[in-house]
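Because the structure is predicted, anything quoted here is derived from the model rather than measured. Position 1 is the first residue of the sequence, and the numbers go up from there.
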Amino acid sequence: MSYQSAERIPTRSWKYDVYLNFRGQDTRHGFISFLYQGFKNAGIHAFPEDEELMSGEEIAYTVLQAIEGSRVSVVVLSEGYASSRWCLDELSKIIECRATIGQIVLPVYYNINPTYVRHQRGSFEKDFAKHEERLSSSLEKVQRWRSALTQVANIGGFEINKGSN
């Protein structure tokens, strides 16, 4: 009996070390700018923070490519996160990449209780009620968003609260 050597699995080349997913109004001028600068100072190549990319209603092809090309996605969940269809579309793609290419996903709960995210309570519940009303013809999209939030909330993450050290 002869054994063939296992085929070598090629190492995936990543365009970015980190993709940052966040709602800008909640975190851009504080936490995210510090985090992004910290990555830059440490030599970690993060997908650039560029408000122009977020001008369209639908998620841009450039952003989808950046998500797919990132080794790690950091998902910063905040009070207003679920109000943004853009954030939720990105999150759906991130969860897809976690399942298909093994992307590492790190949730950060910024001034929000992880339970609210997991069970879509509080502001998340209100925002989803609005999405369901506005997107009544596309409830499967809303369900994908709900599923993505539940999945990300089931991953161990970091809690950051104002005033905590």
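Legend: residues meeting salt bridge (Lys or Arg N to Asp or Glu O under 4.0 Å) with Arg23, ordered by chain and number and at least two apart, are Asp26. Looking at residues two or more places apart in sequence or on another chain, you find a ring pair (Phe, Tyr, Trp, His ring centres under 6.0 Å) between His45 and Tyr16. The ring pair (Phe, Tyr, Trp, His ring centres under 6.0 Å) check on Phe128 picks up His131, with sequence neighbours excluded. Listed by chain and number, the residues in a side-chain contact (heavy atoms from CB on, under 4.5 Å) with Tyr116 are Ile112, Asn113, Arg121 (sequence neighbours excluded). The side-chain hydrogen bond (donor to acceptor under 3.5 Å, both in side chains) check on Asn154 picks up Arg118, with sequence neighbours excluded. The side-chain hydrogen bond (donor to acceptor under 3.5 Å, both in side chains) search around Arg98 returns none, not counting sequence neighbours. With sequence neighbours excluded, the residues satisfying salt bridge (Lys or Arg N to Asp or Glu O under 4.0 Å) with Glu132 are Arg146.
Residue Gln25 qualifies as open at atom CD: its count of foreign heavy atoms under 6.0 Å is 12 or below.
In plain terms, the two heavy atoms of Trp145 and Asp89 that are nearest each other are NE1-OD1, 3.0 Å. Nearest approach of Gly156 to Pro107, heavy atoms of both residues: O-CD, 3.5 Å. In terms of heavy atoms, Tyr109 sits closest to Ala153 at OH-CA, 3.2 Å.
For the side chain to side chain contact (heavy atoms under 4.5 Å, CB included) criterion with Val105, the lone passing option out of Asn21, Val74, Val152, Leu91 is Val152.
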As a quick check of understanding, evaluate side chain to side chain donor-acceptor pair (under 3.5 Å) for Gln151 and Ser147, giving each step before the final call. CA-CA 6 Å; Gln151 288 179 59; Ser147 175; 3.0 Å; yes

Worked check of side chain to side chain contact (heavy atoms under 4.5 Å, CB included) between Ile94 and Tyr19: CA-CA 9 Å; Ile94 289 166; Tyr19 182 86; 4.2 Å; yes

Derivation and outcome, side chain to side chain contact (heavy atoms under 4.5 Å, CB included), residues Phe31 and Val76: CA-CA 9 Å; Phe31 179 69; Val76 181; 4.0 Å; yes

Any chance you could lay out the side chain to side chain contact (heavy atoms under 4.5 Å, CB included) test for Val75 and Val108, step after step, and finish with the verdict? CA-CA 6 Å; Val75 179; Val108 175; over 6 Å; no

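Tracing side-chain contacts under 4.5 Å through hydrophobic residues (I, L, V, M, F, W, Y), one never reaches Leu139 starting from Leu88; they form parts of separate clusters. Under a hydrophobic-cluster definition in which Ile, Leu, Val, Met, Phe, Trp and Tyr are linked whenever side-chain heavy atoms come within less than 4.5 Å, directly or via other members, Ile155 and Phe124 are assigned to the same cluster. Cluster membership for Phe34 and Phe39, using ILVMFWY side-chain heavy atoms within less than 4.5 angstrom, is not shared.
Side-chain N or O atoms of Asp127 include one that pairs as donor or acceptor with a backbone N or O of Ser83 at under 3.5 Å. In this structure, the side chain of Gln103 engages the main chain of Ser70 through a donor-acceptor pair within 3.5 Å. Tyr81 places a side-chain N or O within 3.5 Å of a backbone atom of Cys87 that can act as its donor or acceptor partner.
Among residues at least two apart or in separate chains, there is no salt bridge (charged side-chain N to carboxylate O under 4.0 Å, His left out) pair with a member in residues 31-41. For residues 64-77, the salt bridge (charged side-chain N to carboxylate O under 4.0 Å, His left out) pairs, not counting sequence neighbours, are Glu68-Lys93.
Using a 4.5 Å heavy-atom cutoff, the side chains of Cys97 and Ile67 are in contact. At least one side-chain heavy atom of Gln120 sits under 4.5 Å from a side-chain heavy atom of Thr150. Leu20 is listed as a side-chain neighbour of Leu35, based on a closest heavy-atom distance under 4.5 Å. For the pair Trp86/Val63, a side-chain contact is recorded, criterion being any heavy-atom separation below 4.5 Å from C-beta on.
Distance check: Leu77 CG to Asn111 CG gives 12.0 Å after rounding to the nearest 0.5 Å.
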